[in-house]
Amino acid sequence: MVAGACLGAAGSLLQSATRNPLGDPQLFGLGGGAAIVQALALSGVVTVGPWGLTSLSVLAALAGALLIFLLASRENLTPARLALIGVSMGALTLAIAGAILTHARVFSLQALALFSGSLANRSWEDVMSAIPFLALGIVLAVLAAGRLNLLVLGDRLAGHLGASPKTTRFMALASAGVLAGAGVALAGVVGFVGLLTPHVVRLLMGSDARTVMAVSVPTGALVVLYSDQVSRLAFMPSEIPVGLVTTVLGAPLMIWVARRIL
């Protein structure tokens, strides 16, 4: 539930800050940066405890968020182009993580757990190391949430209305980076939770960015919780990664949204 809350909130912030309905921490490469850190840990290059590993994952995700911030601040960059750049970044970072694991000959099930998302073998220490970053991400999101609605009007008009677009976008994307890094550190690359959750919330609660962000926290938690139930029970006694279930749910939505903006 902590991982789902992180990813759901990160997705809502990305979509609002970039004005892109395809905003998702995995699709935009934020989760990929954290996945590289996790791959280095699995291969034995990085040897730190859960707290240190979560902190490094957050820093890596923040680096991806900074790049998205620089790209999203360009006025001539359309949502479709930003989505394509984000998907390319995500694919590149995951390819680097895969190369690290292959070179280190990491056991295939461990690699599958990272790239497909898994909640197996997680301890309370892993959970506790992610909770402070969830709290920090939500605090940063609250500071930016009041002005996120104005970004929909465009940077120039939002600036005239006192929103300070660059500051608002920076705060929102920094929050998304913190949340995405913590989510990946805890559960691996659980795809499409950040994309799916905000769209579900908008259908139920409307388009106010503050409401979407707030409700995406518990909604993301529930999406991952029930997806995990399906992953463990659908093919008993076998178990599939939770990320495969969320991908089955989220991929059709991505295709539908992409058809509208491309």
Side-chain angles (χ1 to χ4, degrees), residues 2-4 6-7 10-11 13-14 18 23-72 82-122 125-126 129-130 132-134 136-137 173-195 224 241-244 246-247:
V2 171
C6 287
L7 296 174
L13 290 165
L14 277 172
T18 63
D24 177 84
Q26 317 306 356
L27 293 177
F28 275 22
L30 276 64
I36 291 176
V37 173
Q38 298 295 311
L40 290 171
L42 288 173
S43 62
V45 176
V46 174
T47 55
V48 293
W51 288 89
L53 189 58
T54 302
S55 300
L56 291 175
S57 296
V58 168
L59 290 175
L62 281 171
L66 177 61
L67 181 56
I68 294 297
F69 166 74
L70 296 174
L71 292 172
L82 181 60
L84 291 173
I85 293 172
V87 170
S88 300
M89 284 178 51
L92 177 62
T93 52
L94 291 180
I96 293 173
I100 293 171
L101 294 176
T102 301
H103 178 72
R105 294 186 174 88
V106 172
F107 188 47
S108 59
L109 287 181
Q110 291 178 294
L112 180 63
L114 173 60
F115 292 128
S116 298
S118 175
L119 304 175
N121 301 319
R122 295 296 186 265
E125 189 176 6
D126 295 316
S129 68
F133 291 104
L134 171 60
L136 174 61
L173 291 177
S175 174
V178 171
L179 293 165
V184 172
L186 184 56
V189 182
V190 184
F192 294 98
V193 176
L195 174 69
V224 172
V242 64
L244 298 183
T246 59
T247 298

Exercise. Side chain of T246, backbone of G191: donor and acceptor closer than 3.5 Å?
Worked result: yes

For this session: Could you tell me which non-hydrogen atom of A130 sits nearest to which non-hydrogen atom of V2, and how far apart they are?
Result: CB-CG1, 4.1 Å

For this session: Let me know which of L62, L67, L30, I68 forms a side-chain contact (heavy atoms from CB on, under 4.5 Å) with L173.
Result: I68

Exercise. Of the non-hydrogen atoms in L94 and A35, which two are nearest, and what is the gap between them?
Worked result: CD2-CB, 4.0 Å

Exercise. Can you find a pair of side-chain heavy atoms, one from Q26 and one from V193, that are under 4.5 Å apart?
Worked result: no

Exercise. Does any non-hydrogen side-chain atom of V37 lie less than 4.5 Å from one of L53?
Worked result: yes

Exercise. Just how far is it from atom CG of L134 to atom CG of L179, taken to the nearest 0.5 Å?
Worked result: 6.5 Å

For this session: Using atom types as modelled and distance alone, determine if a side-chain donor or acceptor of S129 lies under 3.5 Å from a backbone N or O of W51.
Result: no

For this session: State the CG-CZ distance between L195 and F28, to the nearest 0.5 angstrom.
Result: 9.5 Å

Problem set entry | Non-hydrogen atoms of P25 and L14 that approach each other most closely | N-CD1, 3.4 Å

Problem set entry | L112 side chain near P241 side chain, heavy-atom distance below 4.5 Å | yes

Exercise. Would you say the side-chain atoms of D24 pair up with the backbone N or O of G194, donor to acceptor, closer than 3.5 Å?
Worked result: yes

Seminar exercise, completed: In short, A182 meets C6 closest at the heavy-atom pair CB-SG, 4.1 Å

Seminar exercise, completed: One should read off an interatomic distance between I85 CD1 and L27 CG, to the nearest 0.5 angstrom, of 14.0 Å

Seminar exercise, completed: Output for pair (L13 CG, T18 OG1), nearest 0.5 Å, gives 10.0 Å

Problem set entry | Atom of A34, atom of G181 and distance for their closest heavy-atom approach | CB-CA, 4.1 Å

Seminar exercise, completed: In terms of heavy-atom contacts, F133 and V178 come closest through O-CG1, 3.3 Å

For this session: For residues V45 and I100, determine if any side-chain heavy atom of one lies less than 4.5 Å from a side-chain heavy atom of the other.
Result: no

For this session: Kindly indicate whether the side chain of V58, heavy atoms from C-beta on, has any atom under 4.5 Å from the side chain of L136.
Result: no

For this session: Among residues two or more places apart or on two chains, list those pairs meeting side-chain hydrogen bond (donor to acceptor under 3.5 Å, both in side chains) that have a residue in residues 29-40.
Result: Q38-S57

For this session: Can you run down the side-chain hydrogen bond (donor to acceptor under 3.5 Å, both in side chains) pairs that involve residues 181-192, sequence neighbours left out, and say none if there aren't any?
Result: none

Exercise. Does S43 use its side chain to pair, donor to acceptor, with the backbone of L40 at less than 3.5 Å?
Worked result: yes

